[in-house]
Protein chains: 2
Amino acid sequence: MNKILIVDDDIEYTENLKEILDNAGYVNDAAESVKEAMEKLCTQQFDVILLDFMMPGIDGINALGEFKKISPNSKIIMITAFASIENAVRAIKNGASEYISKPFKIEALLLMIKQVIEELRFEGDIKKLKLEGTLSSLSNSIRREIIRMFQTNPKIRMMETARKLDIEDHTKVIFHLKILKEARILKQDKKRAYLLTKEGQKVLECLNILDNYLSEQ
Amino acid sequence: MNKILIVDDDIEYTENLKEILDNAGYVNDAAESVKEAMEKLCTQQFDVILLDFMMPGIDGINALGEFKKISPNSKIIMITAFASIENAVRAIKNGASEYISKPFKIEALLLMIKQVIEELRFEGDIKKLKLEGTLSSLSNSIRREIIRMFQTNPKIRMMETARKLDIEDHTKVIFHLKILKEARILKQDKKRAYLLTKEGQKVLECLNILDNYLSEQ
DNA sequence: AACCGGTGTGAACTATTCTTCACATAACCC
DNA sequence: GGGTTATGTGAAGAATAGTTCACACCGGTT
């Protein structure tokens with residue numbers, strides 16, 4: 001059930017829009033000022049924010065920045081009556097997902113909302129895959145020890161790894177190294193030495209974070 | 001291979017002790033001052049620290065505190081020529097594992113060292129079990145969703161859980177709830193509602209930590 | 001080229017985890 | 001008490017993860 005926040009000081013426009021979004025199946029709320037919007041964003045999670053460019057007392061780009069700070073995962077659609085390329089570019093560069101000028105066809109806005117919600121879902125899926133990949137890599141103790149080993153050995157070859165971990169069967173080590181390589185946690189250089197990828201460094205960090213957190217009593 | 005740091009300004013005593021510990025199979029090092037000891041602790045990991053109560057320029061309890069800050073996992077044995085109940089209590093309350101007074105039989109010290117190393121191993125094993133338990137619980141997506149659910153539902157019953165997670169087969173939900181209960185992450189009250197245990201709250205925190213960490217780009 | 005240690009592959013096997021099913025027990029309400 | 005919903009149990013089957021084995025390929029040295 002996707003939630004949308006309408007930020008506009010034009011009450012009549014807002015009421016119309018609320019009804020349209022309601023009929024389209026969205027849960028929505030409205031704020032007449034940026035201050036009111038920020039208050040709502042502090043206590044509720046919105047998927048999409050429809051932000052009017054011209055809000056009293058604050059320029060739309062500044063409001064955009066403030067919202068991004070409070071609600072980094074929400075998608076912001078900038079709406080303006082005075083369209084310009086410059087403002088469009090500024091808005092997108094400052095974190096808006098989309099930019100649309102009044103007057104617009106309601107179908108165009110609904111389509112845009114649908115698209116940004118798809119983006120949101122896609123980003124959520126990527127995040128889930130990252131988490132699953134990380135947890136899957138860390139769930140096996142040999143792989144944990146391998147990943148930990150890179151804390152003190154930034155580059156290491158396969159047999160060296162087996163010796164450090166005191167594992168005699170080299171194919172066991174290869175199997176787990178292969179899993180980590182396929183998960184893009186490790187890569188190999190020309191001499192076949194293994195190194196952590198950027199992603200792999202994050203996984204090592206997660207392991208350290210968990211170690212430290214669980215050490216606290 | 002357990003490492004021991006001897007912190008004492010009596011050179012002759014230290015040399016004797018080094019030889020004895022060497023013969024007993026320990027890797028050891030020495031520092032004549034607390035400052036020197038702290039430098040070594042910053043660059044090396046020691047399992048056991050033998051700390052003389054009377055060090056020049058600093059009282060043993062303060063030194064103890066400093067060492068605990070730098071090397072929280074090391075076990076500290078306080079050694080003193082002027083034994084008193086008061087000092088023993090202070091030392092233990094401030095983090096020493098053991099307290100022994102000179103002159104001592106070498107066998108007694110060796111036994112004490114052996115015991116604190118056992119404690120260290122035991123604590124390490126506990127920590128590993130915690131990490132493995134946490135990762136095992138978090139490695140399955142249904143269990144992740146269950147644990148996440150407690151963020152907004154501190155107390156919930158089984159069928160409610162199934163409905164919230166949109167799982168039709170109630171026995172699947174029961175199976176995973178049972179795993180979490182056996183892992184002491186969940187408990188049940190008299191009305192059979194599930195709640196997070198203290199441990200379970202930690203696991204939820206770990207999940208949030210990982211979520212947040214992996215969200216950063 | 002031959003030899004040796006290092007590294008890797010894929011399939012068979014084993015172990016573990018998860019899902020499903022049939023049924024049982026418990027609790028609640030009329 | 002009876003009917004219905006909620007909750008639970010244990011075993012079988014399915015899916016997934018890990019281990020082992022036999023062998024192949026690679027790279028360096030003599």
Side-chain angles (χ1 to χ4, degrees), chain A residues 128-150 153-197 200 203 207, chain B residues 128-129 131-150 153-197 203 207:
Chain A
K128 267 195 188 168
L129 282 178
K130 270 194 199 172
L131 180 63
E132 273 174 18
T134 299
L135 288 172
S136 163
S137 299
L138 296 179
S139 66
N140 173 273
S141 67
I142 294 180
R143 291 205 287 280
R144 278 204 294 283
E145 294 311 313
I146 290 177
I147 292 167
R148 276 203 185 102
M149 190 189 59
F150 283 93
N153 301 273
K155 186 188 288 194
I156 191 164
R157 303 235 297 160
M158 196 283 296
M159 284 305 296
E160 222 178 321
T161 302
R163 278 191 295 268
K164 276 198 186 297
L165 300 189
D166 200 28
I167 297 171
E168 277 194 32
D169 184 356
H170 76 281
T171 65
K172 185 191 283 194
V173 174
I174 291 182
F175 174 80
H176 289 289
L177 284 170
K178 188 179 170 191
I179 299 277
L180 291 174
K181 194 178 167 192
E182 281 166 359
R184 293 202 171 86
I185 288 169
L186 297 184
K187 62 186 172 183
Q188 282 177 286
D189 67 12
K190 280 175 194 154
K191 300 190 176 184
R192 299 193 295 192
Y194 290 92
L195 306 97
L196 282 179
T197 58
V203 172
L207 185 51
Chain B
K128 266 196 188 166
L129 282 178
L131 180 64
E132 275 175 18
T134 299
L135 289 171
S136 163
S137 300
L138 296 178
S139 65
N140 173 272
S141 66
I142 294 178
R143 291 205 286 279
R144 276 203 294 286
E145 293 312 313
I146 290 177
I147 292 168
R148 275 204 187 102
M149 191 188 57
F150 283 94
N153 299 271
K155 186 188 289 194
I156 191 163
R157 302 232 301 161
M158 197 284 295
M159 284 305 296
E160 224 178 319
T161 302
R163 279 191 294 269
K164 274 192 185 304
L165 299 188
D166 199 28
I167 297 172
E168 277 191 34
D169 183 355
H170 76 280
T171 65
K172 185 191 282 196
V173 174
I174 290 183
F175 174 81
H176 289 288
L177 284 170
K178 186 178 170 189
I179 299 276
L180 292 175
K181 195 178 166 194
E182 280 166 359
R184 293 205 172 82
I185 288 169
L186 297 185
K187 64 187 169 182
Q188 282 178 286
D189 67 11
K190 282 179 194 149
K191 299 190 175 182
R192 297 191 297 190
Y194 290 91
L195 307 98
L196 281 179
T197 59
V203 173
L207 185 52

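Here is how names work: the chains are called A, B, and so on, in the same order as the sequence lines, proteins then strands, and each is numbered from 1. All values reported here derive from a predicted model rather than from experimental measurement.
For the pair A/Q188 and A/K181, the minimum side-chain heavy-atom distance is below 4.5 Å. Annotation: side chain of B/L165 is not in contact with side chain of B/V173 (no heavy-atom distance under 4.5 Å).
Between the A/R148 side chain and the A/L207 main chain, no donor and acceptor come within less than 3.5 Å of each other.
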Completion exercise
Its contact letters, B for base, S for sugar-phosphate only and - for none at protein heavy atoms under 4.0 Å, make nucleotides 21-30 of chain D read BB--------
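Put simply, CD1 on A/I156 is 14 Å from C1' on C/dG6, counting in whole angstrom units. Going from atom CG of A/L135 over to atom C1' of D/dA17 covers 16 Å, rounded to whole Å. With rounding to whole Å, A/I167 atom CD1 is found 10 Å from D/dT20 atom P. C/dG6 atom P lies 11 Å from atom CD of A/E160, rounded to whole Å. Atom CD of B/E168 and atom C1' of D/dT5 are 16 Å apart (whole Å). If you take CZ of B/F175 and P of D/dT7, they are 19 Å apart, rounded to a whole angstrom. Between B/I179 atom CD1 and C/dT19 atom C1' the separation is 12 Å, expressed in whole Å. As rounded to whole Å, 14 Å separates atom P of C/dC18 from atom NZ of B/K178.
Closest approach to the A/R157 side chain among D/dT19, C/dG6, D/dG8 is made by C/dG6 (side chain taken as heavy atoms from C-beta onward). Looking at the side chain of A/I142, the nearest of the listed nucleotides D/dT19, C/dT7, C/dC18 is D/dT19.
For A/E132 and B/R144, the salt-bridge test passes: some basic side-chain N is under 4.0 Å from an acidic carboxylate O.
Taking only side-chain nitrogens and oxygens, B/Y194 never comes nearer than 4.0 Å to OP1 or OP2 of D/dT7. Side-chain N/O atoms of A/Q188 include one lying less than 4.0 angstrom from OP1 or OP2 on C/dG8. Remark: B/N140 is not in phosphate contact with C/dT17, judged by side-chain N or O atoms under 4.0 Å from OP1 or OP2. Contact check, B/H176 against C/dT19: a side-chain N or O comes under 4.0 Å of OP1 or OP2.
Projected onto DNA chain D by closest heavy-atom contact, B/R163 and A/R143 fall at different nucleotides, the more 5' of which corresponds to B/R163.
Applying the side chain to side chain contact (heavy atoms under 4.5 Å, CB included) test between A/Y194 and each of A/I185, A/L180, A/L177, A/I146 identifies A/L177 as the sole match.
For B/D189, the CG atom is densely surrounded, since the number of other residues' heavy atoms within 6.0 Å is greater than 12.
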Problem - Intermediate values then yes/no, side-chain contact (heavy atoms from CB on, under 4.5 Å), B/L195 and B/L186 - result: CA-CA 6 Å; B/L195 307 98; B/L186 297 185; over 6 Å; no
